[in-house]
There are 2 protein chains.
Amino acid sequence: MATIKDVSRLAGVSVATVSRVLNQKGYVHEDTEKKVMNAIRELDYIPNDVARSLTKKSAKMLALLVPDITNPFFNELARAVEKVTQLYGYATILCNSDDTPANEKQYIHALKQKYIDGFILASNTLSAEEVQQLDVPVVTLDRTISDTIPTVASDNREGARQGVQFLLDRGCNKIAHIRGPQQLSIADERCQGYLDVVQETAWFSPDLIFEGNFNLNQATEAANRLLDRHPDLDGIFAGNDIMAMGALRAVQKRGIPVPDRMQIVGFDGISLGEMVYPELTTIAQSIYEMGLLAARMLIKMIERKPLDTMHYKLPVELIRRGTTR
Amino acid sequence: MATIKDVSRLAGVSVATVSRVLNQKGYVHEDTEKKVMNAIRELDYIPNDVARSLTKKSAKMLALLVPDITNPFFNELARAVEKVTQLYGYATILCNSDDTPANEKQYIHALKQKYIDGFILASNTLSAEEVQQLDVPVVTLDRTISDTIPTVASDNREGARQGVQFLLDRGCNKIAHIRGPQQLSIADERCQGYLDVVQETAWFSPDLIFEGNFNLNQATEAANRLLDRHPDLDGIFAGNDIMAMGALRAVQKRGIPVPDRMQIVGFDGISLGEMVYPELTTIAQSIYEMGLLAARMLIKMIERKPLDTMHYKLPVELIRRGTTR
DNA sequence: CTGTTAGCGCCTTCAC
DNA sequence: GTGAAGGCGCTAACAG
């Protein structure tokens with residue numbers, strides 16, 4: 001593997017000159033540039049990124065921290081992030097935190113030793129101060145840690161409102177909510193949106209809300225309890241699509257026809273929702289867009305370009321499919 | 001961020017000595033070792049990976065090339081690979097090839113400039129020679145390129161046989177196969193397994209085999225054609241779970257009861273299969289295991305430890321669920 | 001415009 | 001046992 005020295009020798013110039021043409025920095029005569037270029041081509045020379053990183057203190061790499069890459073939301077995100085980094089000449093390092101703070105910290109410290117340029121935090125167990133003290137650019141997803149840390153998120157509350165309102169409009173008379181984990185802000189926001197719509201109705205009662213932990217099986221169980229307790233239930237709004245699918249399964253198992261006697265709306269818009277029958281009506285986030293945005297923001301920050309917006313709140317979209325009338 | 005120099009100064013020794021205790025190499029007096037350790041602790045010193053990479057020509061990173069991280073098979077794989085690398089102090093770089101040779105090549109060259117230690121090739125458009133010439137350790141998944149390149153794969157043909165045989169045993173009288181893309185060896189093997197079982201039956205005809213491209217929608221379409229052409233069809237063996245789900249959807253849409261009038265078996269054992277109703281009967285690969293194995297093998301190769309086996313062919317397991325009687 | 005030189009942080013002979 | 005010095009490959013002043 002040729003080095004810059006080989007090139008300089010072949011071109012009959014100094015390494016500094018080669019470096020200059022490589023980085024298009026400083027003046028260099030057209031003729032010498034050509035000589036250098038030829039030498040580069042002849043030797044198939046490609047600059048060594050590691051050496052470059054050492055001097056630049058930047059590795060052209062960024063890390064994506066997710067709780068679980070197996071979760072459709074996060075792998076769609078990963079897909080987008082990877083796309084952008086690839087495009088801009090960065091590499092993306094994948095980190096599975098399992099939502100464990102210790103893991104996150106370990107990753108972050110390990111990666112800083114590699115001159116990682118920035119982090120996209122989709123997993124998010126770190127406190128505001130911890131993130132602040134990272135002294136590396138960070139973008140967080142779905143959670144505003146502080147005004148100084150850029151975020152991209154969806155309008156969860158408004159989305160939830162739309163979903164529940166839609167159920168109402170389609171004729172539901174009693175709607176339950178299977179919500180995500182306590183203290184996870186997106187779960188709270190969606191639950192809040194549900195409440196915004198139903199709180200004042202005659203039929204509402206707090207035990208229409210069950211915890212499903214963003215998890216299929218727990219949601220199935222929650223749906224079962226719900227059905228036992230409220231035989232007249234005819235609508236379920238789930239805090240995410242996975243839980244909606246869990247509920248759908250429970251409902252189908254009981255032989256209750258969907259959407260005729262039970263309508264279901266999920267949240268996220270993961271492609272999985274189209275794979276079940278009936279296909280899931282859902283409040284779709286632009287997951288891929290969120291990934292693109294987050295990655296582009298981060299790269300801008302790394303390259304010290306100005307950000308147009310610090311906090312993106314993306315609109316969501318109701319996608320009407322088979323689980324509603 | 002402290003450097004080795006800071007440590008040496010504080011400990012009153014030379015950098016060489018610090019390096020020695022760091023790498024446990026060469027002799028160093030017990031007392032000086034202690035002094036060094038203390039200095040390290042006091043300064044919270046962590047060696048700089050980039051500098052280390054530059055001299056060692058190894059970055060403690062490996063790359064995972066997949067066609068699409070969004071595919072459940074590959075993200076489960078990624079999960080496993082990441083787990084292992086994390087455990088052994090490596091980082092894993094995620095690469096989405098979209099099954100495009102150009103992309104793969106670009107990734108590989110870019111990463112070699114970063115002193116990537118090895119590749120796990122799950123995406124696989126490269127020819128044998130190209131892989132051979134990489135002069136970096138490689139493990140391939142689901143495809144044997146040459147005897148010198150380690151692989152991990154499932155026993156696809158035997159698995160397919162089991163799946164089809166099971167359909168027969170459960171009373172199917174006419175079984176179709178929706179297969180994966182031509183020229184993809186795993187698709188061929190599974191198709192071959194299907195043929196092994198049905199080829200000699202009275203009802204078999206080649207137009208019971210349709211191409212579904214490992215893709216949900218194409219499989220749905222294939223199932224529709226199949227149902228049009230063979231109204232007496234009562235069993236479908238799909239080349240993977242995604243296609244099985246596509247078929248299931250088509251069948252359900254026509255109001256054909258599953259498993260009573262139609263039974264379906266998939267292949268892969270992705271967790272998605274449990275999310276539909278009825279849940280998918282499938283030939284499960286140990287996807288996570290495959291990932292663990294591949295990563296461990298690769299790391300062994302990188303660290304020049306001997307491999308017990310060059311080619312793993314993992315057993316598969318029939319998981320009996322709701323789409324069969 | 002171009003070359004010289006001094007790092008970046010670490011590892012590795014080679015003397016002592 | 002330990003230290004000095006050179007080198008990994010590249011960038012960034014600073015001269016000229």
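Both backbone and side-chain heavy atoms feed into the values below; hydrogens, waters and symmetry mates do not. Numbered from 1 within each chain, the chains take letters A, B, ... in sequence-line order.
C/dC8 atom P lies 16 Å from atom CE of B/Met1, rounded to whole Å. Atom CZ in A/Arg9 sits about 13 Å away from atom C1' in D/dG9, given to the nearest Å. Computed from coordinates, the B/Arg20 CZ to C/dT13 P distance equals 11 Å when rounded to whole Å. If you take NZ of B/Lys34 and P of D/dG1, they are 15 Å apart, rounded to a whole angstrom. Look at NZ on B/Lys5: it is 14 Å from C1' on D/dG3, rounded to the nearest Å. Per the geometry, NZ belonging to A/Lys56 stands 12 Å off P belonging to D/dA13, to the nearest Å. In this entry the distance linking CG of B/Leu43 with P of C/dG9 reads 14 Å, nearest Å. Atom OH in A/Tyr27 sits about 18 Å away from atom P in C/dG3, given to the nearest Å.
Which of D/dG9, D/dT11, C/dC10 sits closest to the side chain of B/Ile4 comes down to C/dC10. When distances run from any side-chain atom of B/His29 to the nucleotides D/dG3, C/dC11, D/dG1, the shortest one goes to D/dG1. The A/Leu22 side chain lies nearest to D/dT11 when the options are C/dC10, C/dT12, D/dT11. Checking D/dG1, D/dG9, C/dC11 against every side-chain atom of B/Arg52, the shortest atom distance belongs to C/dC11. Picking from D/dA12, D/dG9, D/dG3 the nucleotide with the shortest atom distance to the side chain of A/Ala51 gives D/dG9. When distances run from any side-chain atom of B/Val13 to the nucleotides C/dG9, C/dC11, D/dG3, the shortest one goes to D/dG3. Taking the side chain of B/Thr17 as heavy atoms from C-beta on, and the options C/dC1, D/dT2, D/dG7, the nearest nucleotide is D/dT2. Comparing D/dC8, C/dT12, D/dT11 by their closest approach to the side chain of A/Thr55 singles out D/dT11.
Salt bridge status for A/Lys105 with A/Glu130: present, with a side-chain N to carboxylate O gap under 4.0 Å. Between B/Lys34 and B/Asp31, no side-chain nitrogen of the basic residue sits less than 4.0 Å from a carboxylate oxygen of the acidic one, so the salt-bridge criterion is not met. A salt bridge links B/Arg79 with A/Asp98; the closest basic N to acidic carboxylate O contact falls under 4.0 Å.
Note on B/Lys57: every side-chain N or O is 4.0 Å or more away from OP1 and OP2 of C/dC11. Put simply, A/Thr3 has no side-chain N or O that comes within less than 4.0 Å of OP1 or OP2 on D/dG9. Between D/dT11 and A/Asn23, a contact under 4.0 Å exists linking OP1 or OP2 to a side-chain N or O. At the phosphate of D/dT11, neither OP1 nor OP2 sits under 4.0 Å from any side-chain N or O atom of A/Lys25.
Counting heavy atoms of neighbouring residues, nucleotides and ligands inside a 6.0 Å radius, atom CD of A/Gln132 exceeds 12 of them. Atom CE of B/Met301 sits in a crowded spot, with more than 12 heavy atoms from other residues, nucleotides or ligands closer than 6.0 Å.
Within 4.0 Å of B/Thr32, counting heavy atoms only, lie sugar-phosphate atoms of the nucleic acid but no base atom. The residue B/Ser19 sits close to a base: some heavy atom pair falls under 4.0 Å. Within 4.0 Å (heavy atoms only), B/Val18 reaches no atom of the nucleic acid at all.
Position along DNA chain D of the nearest nucleotide to B/Glu33 versus B/Leu54 favours B/Glu33 as the more 5'-ward residue.
Between the side chains of B/Glu104 and B/Ser123, at least one donor N or O sits under 3.5 Å from an acceptor N or O.
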